[in-house]
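In what follows, every chain begins at residue 1, and chains take the letters A, B, ... in the order their sequences are listed. Only this structure's heavy atoms are used, side chains among them; waters, hydrogens and symmetry mates stay out.
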Amino acid sequence: MYSLRRWWERHGLQVVLVSLTLGTAWVLQQTQGAAILDFYQLLTRPFQSGANKEERLTNARIQELEARLQDLQKQNQQLKQVIKYQKTRQQPGIVSPVIGRSADSWWQQITLGRGSQDGIKVGFAVMAPGGLVGRVVSVSARSSRVLLISDPSSRIGVAIARSRHLGYLRGQGSNRAVMQFFDKVPNVRPGDFVVTSSVSRLFSPGLPVGRVKSVNLQKNPAPEAAIEITAPISFLEWAIVYPASK
Amino acid sequence: MIKISDLSPRTRQILGWLVTVGSAFLCLLLLLTRWPGMELLGIGPNWLLIWVAIWSLKRTVFQGAIAGLALGMIQDGMTSLYPTHTLSLILVGVLSARIQKQRYIQEDFISIALIVFGLSILAETVTAIQYILPGDVASLGLEYPTRTWSETWLDYQRIALCSAILSSLWSPVLYYPLTSWWEQTNSEQYYD
């Protein structure tokens with residue numbers, strides 16, 4: 001008993017400190033660093049660029065295209081009414097600033113300055129000017145983490161907008177990605193636009209993703225195309241988060 | 001201006017812990033940033049690795065391993081459980097403690113930069129090996145990032161080199177304030 005007490009007197013503080021450190025680390029690991037991310041969001045608040053960037057980026061060209069788009073949407077709606085097409089409900093997005101990048105170099109992630117308090121949930125799609133950028137993988141009260149489509153672990157179902165040939169898209173870092181086709185001889189050529197496909201379980205169909213840069217039809221086991229992601233993933237300052245489709 | 005040596009031992013100890021924990025926390029926050037001048041090809045310095053290396057330099061192997069384990073667990077929480085960062089950071093802590101800098105290597109920023117350079121190449125190698133290990137890990141039910149051999153090799157070259165260069169260049173920024181603080185506060189138990 002005495003020796004136990006002496007041992008405790010000599011090493012007690014060390015034992016307490018080590019268990020305290022590991023305990024805190026474990027809690028932070030289990031909560032996916034939510035406390036750190038929230039604190040970081042508070043710290044960076046004065047530097048966050050808000051939604052007014054959105055206005056700055058609009059220029060005459062975009063307004064012109066929007067006007068045309070509205071006209072086409074109107075026509076499309078009327079046509080859909082004619083054929084009794086089931087309309088997918090468009091929900092408003094949550095504009096949020098990009099406050100940080102990934103916490104290590106192997107992952108392609110970004111941290112957004114809006115979290116569950118603003119209504120963001122895991123699985124929501126993240127868009128930026130230019131198209132789809134990723135999917136929310138974890139949420140804290142005031143921040144959320146997004147797995148970018150340029151990450152090698154990200155796999156999304158996509159289609160060639162012109163010919164509707166299906167495949168899936170795998171990230172390759174920065175703004176590059178590879179699309180593998182399901183067909184042996186897909187109708188695809190450089191410059192074609194790539195959008196999310198209607199069989200994608202994660203995203204609603206038709207979201208713009210990127211453009212075909214080059215095509216390799218000889219590739220085994222399936223033909224491949226190199227895709228350039230249209231959203232400027234390396235210098236994102238804000239993004240819009242949309243609820244998951246299903 | 002309060003002199004640290006005038007404070008009572010208890011206050012000094014608590015202040016010492018606060019600075020230690022605070023600096024580690026600052027490194028966790030810095031991980032998320034990519035400030036201009038601090039990134040190459042979208043890769044920033046590995047601040048946690050720098051912190052663990054500096055912490056372990058004049059401490060025991062056990063202390064280095066615990067620091068690596070704790071910070072690795074937190075970084076895992078901030079990214080993903082697999083590939084884990086605990087292995088690489090524990091290795092960094094243990095090796096850094098084994099180097100016994102005060103005995104063999106001179107006290108200057110060149111040597112700390114070199115140590116951090118070597119250790120970060122090693123740490124990225126450990127991560128890369130986890131990526132190319134056979135897919136048994138996928139059965140653990142974790143979100144398993146699959147990469148082919150060639151992809152891992154390309155990423156490894158880019159990440160290891162950029163991260164090593166940036167980490168070693170930025171290591172004096174942490175090294176000087178932290179070591180001078182630790183020398184001032186607990187000089188009596190520092191070199192045990």
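Put simply, of B:Leu48, B:Leu154, B:Thr127, the one with the most heavy-atom pairs under 4.5 Å next to chain A is B:Thr127. With chain A as the partner, the residue from B:Val21, B:Ile66, B:Ile43 showing the most heavy-atom pairs under 4.5 Å is B:Ile66. Contact count against chain B (heavy-atom pairs under 4.5 Å) is highest for A:Asp104 among A:Thr111, A:Thr21, A:Asp104. Most heavy-atom pairs under 4.5 Å with chain B: of the set A:Ser102, A:Gly33, A:Gly100, this distinction falls to A:Ser102.
Nearest approach of B:Gln75 to A:Ala103, heavy atoms of both residues: NE2-O, 2.9 Å. Of all the heavy atoms in B:Ala70 and A:Ala25, the pair that sits closest is O-CB, 3.3 Å.
Counting heavy atoms from C-beta on, the side chains of A:Tyr40 and B:Thr33 come closer than 4.5 Å. Contact check for A:Ile99 versus B:Leu32: no side-chain heavy atoms found under the 4.5 Å cut-off.
Proximity to chain A (any heavy atom under 4.5 Å) is restricted, for B:Phe62, to the side chain, taken from C-beta onward. Residue A:Leu20: no heavy atom, backbone or side chain, is found under 4.5 Å from chain B. Heavy atoms of B:Trp17 lying under 4.5 Å from chain A belong exclusively to its side chain. Heavy atoms closer than 4.5 Å to chain A are found in both the backbone and the side chain of B:Leu29. With a threshold of 4.5 angstrom between heavy atoms, B:Ala128 approaches chain A through its backbone and through its side chain. For A:Ser234, no part lies near chain B; criterion is any non-hydrogen pair under 4.5 Å. For chain B, the nearby part of A:Arg145 is the side chain; its heavy atoms alone come within less than 4.5 Å. Heavy-atom distances place no part of A:Ile110 under 4.5 Å from chain B, backbone and side chain included. Neither the backbone nor the side chain of A:Gln30 has a heavy atom closer than 4.5 Å to any heavy atom of chain B.
Partner of A:Trp106 under the side chain to side chain donor-acceptor pair (under 3.5 Å) criterion, chosen from B:His85, B:Glu124, B:Gln130: B:Glu124.
Heavy atoms from other residues, nucleotides or ligands lying under 6.0 Å from CH2 of A:Trp26 number 12 at most. Heavy atoms of other residues, nucleotides or ligands lying less than 6.0 angstrom from CZ of B:Phe117 number more than 12. Atom CD of A:Gln218 sits in a sparse spot, with 12 or fewer heavy atoms from other residues, nucleotides or ligands closer than 6.0 Å.
Of the inter-residue distances, the one linking A:Thr31 atom OG1 with B:Ile74 atom CD1 reads 9.5 Å to the nearest 0.5 angstrom. Here the straight-line distance linking atom OG of A:Ser105 with atom CD of B:Glu39 works out to 11.0 Å at 0.5 Å rounding. Rounded to the nearest 0.5 Å, atoms CG (A:Leu28) and CE (B:Met73) are 9.0 Å apart. In this structure, the separation between OG1 on B:Thr79 and CD on A:Gln32 is 9.5 Å, given to the nearest 0.5 Å.
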Next item on the list: Start with the C-alpha distance between A:Gln29 and B:Thr86, add both sets of side-chain angles, then the distance that settles side chain to side chain contact (heavy atoms under 4.5 Å, CB included), and finish with yes or no.
Entry: CA-CA 11 Å; A:Gln29 188 196 41; B:Thr86 50; 5.5 Å; no
